[in-house]
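Step one of this worksheet: look at the structure below.
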Amino acid sequence: MAKPKIVIIGAGLGGTIAAYEIRAAVKGRAEVMMIAESETYSFVPSNPWVAVRWREPEEIQVHLPPIFARKKIGFTAVGAKRLHAAEKRVELNNGDSVDYDYLVIATGPDLAFDEIEGLGPDGYTVSVCQTSHASHAANMFDAYVENPGPIVVGAVQGASCYGPAYEFALILDTELRRRKIRDRAPMTFVTAEPYIGHLGLDGVGDTKSLMESKLRERHIKWITNARVAKVEPGLMHVEEIAEDGAVAKTHQLPFGYSMMLPAFRGVPAIRDIAGLTNPRGFILIDKHQRNPAFPEIFALGVCVAIAPTGPTPVPVGVPKTGFMIESMVTAVAANLAALIAGETPEAEATWNAVCLADFGDGGVAFVAQPQIPPRNVNWAASGKWVHLAKVGFEKYFLRKVRRGESEPSYERLAMHIMGIRKLRM
């Protein structure tokens, strides 16, 4: 009999690690194939460093085809054009199709720059969401430092990733001070969050006080409950929203350089499939990472639908952080292995979060177990050690990708010693 076929869409952080872990979990009892948009893996957490030339793109990238060939995982970089879920078929961008018995969706998001006039690399702000965007941001930064002026950094309404905005604001501050031009670069942090340090998670530990203190120390002003109306060349129009949803105040913010994170939505290949996605195109899943309407489909990472932690005056999404995504990967791999063996899938991801936010010469770390409150562990701390830890983690994670590993035994042991697990016991 032919082996069942497991297809993964998306070779980002979650999808690449998932391919390795699923291949190991099924132990040769199923074929595993990856559908990617590119042959290159990029370590997205390092993009803020690329944008100030602390890294070159090739330093944080890995060429995937030889690794997948060595691991005996099928690979194509043609990309997915459309999922035909009822037919168990993925249509590729070149017109071919790939059939599957089980599908893992790990596409990451579509970046909704078009929802705000003038937003994004094709408009008047830069981005660190993709490494190509960060390279463009670096070119724009090179031009900016020749003629410094006001800076606006932040995340727009509907965004669900706030850590990189804080990181980039403070990394910019560090780099400008090193160049001794910080005094010529007044900075404003603009965010949809109801308060500084909310992070889409209603805070973690004392992130509110920690982040407010960091911004004050660095002379960075802020606007919360912010809705960006539009962006013009060198000018951002921002509405500050009151609790009742009315516009409490308007701001016209001039800038010489601006990085704003956009809202996310599901990618076109999976959007608007009844029973599979919510109105924003994110995948609906149960506690086993499985779609209820199409039980042969699993999803993990940023493409997963997660309800906000509570009502806010401006829409604020929930981030899907690195360790949280890795816990989803482990649950999906375990459940697929169970199905292949004729057993009932029972693994549940903990959705625990371990995050390092680098500020160039320090940073903030937090542990949230689980990431979504209420939590069993709710801890945050800051110090120069965070920057060193993030550098070390970058090198370690890229080494895992290059070696085709998901979780070496020593990593699992270290996490267990700290009481941080990927699966619910």
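One is the number of the first residue; the rest follow in order along the sequence. Basis for what follows: all heavy atoms, side chains included, without hydrogens, waters or symmetry-related copies. Please read all numbers here as calculations on a predicted model, not as lab measurements.
The backbone N or O of H288 lies less than 3.5 Å from a partner atom in the side chain of N335, making a donor-acceptor pair. Panel note: side chain N278, backbone F282; a donor-acceptor pair is recorded below 3.5 Å. Looking at N352, its side chain never comes within 3.5 Å of a backbone N or O of I420 through a donor-acceptor pair. T207 places no side-chain N or O within donor-acceptor distance of the main-chain N or O of G203, the cut-off being under 3.5 Å. In this structure a side-chain-to-backbone donor-acceptor pair under 3.5 Å is missing from Y162 to G154. No side-chain donor-acceptor contact under 3.5 Å links T277 to the backbone of I283. Formation of a donor-acceptor pair under 3.5 Å by the N291 side chain with backbone atoms of P295 is not found in this model. The main-chain N or O of P370 is found under 3.5 Å from a side-chain atom of R375 such that the two form a donor-acceptor pair. When atom types are taken as modelled, the side chain of R265 and the backbone of D110 share no donor-acceptor pair closer than 3.5 angstrom. Within the 3.5 Å criterion, the main-chain N or O of I9 finds no donor-acceptor partner in the side chain of T107.
Of the charged side-chain nitrogens involved, at least one lies within less than 4.0 Å of a carboxylate oxygen, so that E115 and R280 count as a salt-bridged pair. Between K3 and D101 there is no salt bridge, since no side-chain N of the basic residue sits under 4.0 Å from a carboxylate O of the acidic one. Remark: E91 does not engage R82 in a salt bridge, criterion side-chain N to carboxylate O under 4.0 Å. The existence of a salt bridge linking K390 and E394 is excluded, since no basic side-chain nitrogen approaches an acidic carboxylate oxygen closer than 4.0 Å.
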Inset, instruction - Tell me, with the steps shown, if R89 and S97 meet side chain to side chain donor-acceptor pair (under 3.5 Å). - result: CA-CA 6 Å; R89 175 173 69 89; S97 287; 2.8 Å; yes

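Between the side chains of H237 and E232, at least one donor N or O lies within less than 3.5 Å of an accepting N or O. Using modelled atom types, one finds a donor on one side chain and an acceptor on the other under 3.5 Å when comparing T330 with E21. Residues T40 and Q61 have side chains that never bring a donor and an acceptor to within less than 3.5 angstrom of each other. The closest side-chain donor-acceptor pair between Q371 and T321 falls under 3.5 angstrom. Under the 3.5 Å distance criterion, with hydrogens and angles disregarded, no donor-acceptor pair is assigned to the side chains of E346 and T344.
Counting all heavy atoms, side chain and backbone alike, F294 lies closest to G275 at CE1-C, 4.4 Å. Scanning both residues, A19 and I8, for their nearest heavy atoms gives CA-CD1, 3.4 Å.
Using a 30° and 60° split on the angle between ring planes, F393 and F43 fall in the tilted class, from 30° to 60°. Between H387 and W49, the angle of the ring planes goes over 60°, which puts this pair in the perpendicular group of the 30/60° scheme.
Results of the salt bridge (Lys or Arg N to Asp or Glu O under 4.0 Å) test with K400 over E407, E405, E326 single out E326 as the only residue that passes. Just one residue in the list N225, T224, D202 forms a side-chain hydrogen bond (donor to acceptor under 3.5 Å, both in side chains) with Y195, and that residue is D202.
Here the two rings, on F113 and H133, have centers that are under 6.0 Å apart. Ring centers of F298 and Y102: at least 6.0 Å apart, outside the cut-off. Aromatic rings from Y166 and F189 are positioned such that their centres are separated by under 6.0 Å.
Within the cation-pi definition used here (under 6.0 Å to the ring centroid, within 45° of the axis), R178 qualifies as a partner of W54.
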